[in-house]
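Here the structure is laid out as structure tokens; the discussion comes afterwards.
In each ligand, atom 1 is the first atom listed, and ligand 1 is the first ligand listed. Residue numbers start at 1 and run along the sequence shown. The figures that follow rest on heavy atoms only: side chains count, while hydrogens, waters and symmetry mates do not.
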Amino acid sequence: MRPSLCLLLLPVIACASEPPKPVYSTAETMPHDELVARHAPPGKPHHAHGGGHHGHGGPLVHRFEKAEDWAKEFDDPARDAWQKPAEVVAAMRLSPGLVVADIGAGTGYFEPHLSRAVGPSGKVLALDLEADMVRYLRERAVKEKLDNVEARQVGLSDPGLGQGTVDRVLIVDTWHHIDGRKDYAAKIKDGLKPGGLLVIVDFTMEATKGPPKEHRITPEAMIAELEAVGLKGEAIAETLPDQYIVVAKKP
Ligand SMILES: C[S@@+](CC[C@H](N)C(=O)[O-])C[C@H]1O[C@@H](n2cnc3c(N)ncnc32)[C@H](O)[C@@H]1O
């Protein structure tokens, strides 16, 4: 995510909507309870836990509606220069036939790359919280003939992976949005096959783009969150100018 760009875009988006939507003070940032209430199963309110959403490293609660608007930013061809998708995909050590879940897939920036890397015998699960992102992902898969990509809407606190069913999980610019990250990491671990990898890409503290600094996570803190559930993580060598890559393995 590049909230700095998001923040620039949002006044335009907000101006376009008539009558005005409820006002979320910064960049459609919705009060946490309201976001949770929208996504929690009826009668089962979900309360904030883990990461501490007001403190350093706490999740940035943010809506990503209107996929077409976000696509202008997420799929801006200029992104390739700093996102370096080939390098990210190389870090995932993909091969034909693997099953990959892209959690917080957004508008599907990574889907063509993942689809190609796992081939027709593989599968890409493009997962997102937002219904409109999932609608967009489905349409994109048809339009771009990404036959091995399946888009699914997932809950706020559960990626919905079947036990031991995926070889790789990719999370780009999304980990800092997740609340209760330790519990979430445990669910990812359950979904991975033994030896499977979780690859997380997020913004460095020094990056000039990215979420507000108080919501950023250091690679060390991320690795500690993953190791708390038994995923062995390391920040790998890379050349991304604004982000780091953590690769964690399920034993
Ligand atoms: C900044 S965008 C990144 C999109 C994509 N990974 C990319 O790099 O272009 C974050 C995405 O994560 C989604 N998201 C946020 N929290 C989520 C959660 N708990 N589970 C699944 N998706 C989530 C948002 O709806 C949004 O589409």
Side-chain angles (χ1 to χ4, degrees), residues 1-7 9-10 27-30 32 35-36 38-40 46 48-51 53 58-80 82-85 87-89 91-92 100-114 124-138 140 149 151-161 168-188 191 198-203 207 209-212 215-217 240 242-243 245:
M1 171 330 316
R2 287 161 289 153
S4 52
L5 290 179
C6 302
L7 291 169
L9 269 180
L10 277 156
E28 291 191 340
T29 298
M30 177 179 288
H32 183 265
L35 177 65
V36 165
R38 286 189 180 205
H39 294 284
H46 170 95
H49 55 280
H53 64 292
L60 176 61
V61 178
H62 201 306
R63 296 304 308 269
F64 289 90
E65 297 165 301
K66 300 186 180 172
E68 270 78 5
D69 290 334
W70 289 109
K72 291 178 199 134
E73 180 183 339
F74 295 161
D75 297 303
D76 178 352
R79 179 177 178 186
D80 292 355
W82 59 268
Q83 186 58 79
K84 303 199 175 194
E87 190 169 335
V88 172
V89 170
M92 296 177 71
V100 183
D102 180 9
I103 300 179
T107 55
Y109 173 82
F110 274 97
E111 271 43 52
H113 300 276
L114 300 175
V124 179
L125 303 172
L127 311 177
D128 206 280
L129 184 61
E130 296 283 357
D132 202 47
M133 289 297 191
V134 176
R135 187 261 318 154
Y136 187 94
L137 285 161
R138 284 192 183 126
R140 179 172 185 167
V149 172
R152 290 185 195 162
Q153 188 174 13
V154 293
L156 186 65
S157 51
D158 192 344
L161 305 172
R168 302 285 184 269
V169 171
L170 175 67
I171 303 183
V172 181
D173 303 348
T174 301
W175 192 245
H176 63 262
H177 287 297
I178 291 177
D179 197 1
R181 289 194 287 261
K182 187 176 161 205
D183 290 349
Y184 202 89
K187 288 175 182 159
I188 292 173
L198 164 62
V199 176
I200 308 184
V201 181
D202 222 313
F203 290 96
K209 48 173 79 73
H215 293 290
R216 295 187 195 185
I217 307 157
L240 276 56
D242 297 302
Q243 296 155 300
I245 304 177

Checklist entry - Can you find an N/O atom of L156 closer than 3.5 Å to an N/O atom of ligand 1? => result yes
Next on the checklist: Under a 4.0 angstrom heavy-atom cut-off, which atoms of ligand 1 come close to E130?
Outcome noted: 25 (O)
Checklist entry - Out of R63, Q83, R79, H177, who gets a non-hydrogen atom closest to atom 9 (O) of ligand 1? => result R79
Checklist entry - Ion pair present between R135 and D132, side-chain N to carboxylate O less than 4.0 angstrom? => result yes
Item to check | Partners passing side-chain hydrogen bond (donor to acceptor under 3.5 Å, both in side chains) against D128 (at least two apart in sequence or in another chain) | outcome: none
Checklist entry - To which of L129, D102, D128 does the heavy atom nearest atom 13 (C) of ligand 1 belong? => result D128
Next on the checklist: Regarding E111 and R140, does a basic nitrogen lie under 4.0 Å from an acidic carboxylate oxygen?
Outcome noted: no
Item to check | Test of proximity, L127 against ligand 1: N or O pairs below 3.5 Å | outcome: no
Checklist outcome for this item: So the atoms of ligand 1 within less than 4.0 Å of a heavy atom of M133 turn out to be 27 (O)
Item to check | G106: numbered ligand 1 atoms lying under 4.0 Å from its heavy atoms | outcome: 4 (C), 27 (O)
Checklist entry - Counting from 1, what ligand 1 atoms have a heavy atom of D173 closer than 4.0 Å? => result 1 (C)
Next on the checklist: Between ligand 1 and V172, is the shortest N or O to N or O distance under 3.5 Å?
Outcome noted: yes
Checklist entry - Any donor and acceptor pair, going by atom type alone, linking the side chain of Q153 with main-chain N or O of L129 inside 3.5 Å? => result yes
Item to check | Salt bridge K72-D69, side-chain N to carboxylate O under 4.0 Å | outcome: yes
Item to check | Which of the ligand 1 atoms, numbered from 1, are nearer than 4.0 Å to a heavy atom of V154 | outcome: 21 (C)
Checklist entry - Between F74 and W70, how do the two ring planes meet: parallel, tilted or perpendicular, split at 30° and 60°? => result parallel
Checklist entry - How does A105 reach ligand 1, by side chain, by backbone, by both or by neither, if only non-hydrogen atoms under 4.0 Å count? => result backbone
Item to check | Pairing residues for A207 by the side-chain contact (heavy atoms from CB on, under 4.5 Å) criterion, not counting sequence neighbours | outcome: F203, T204, R216, D242
Checklist entry - Can we say D173 and R79 salt-bridge, meaning some charged N sits less than 4.0 Å from an Asp/Glu carboxylate O? => result yes
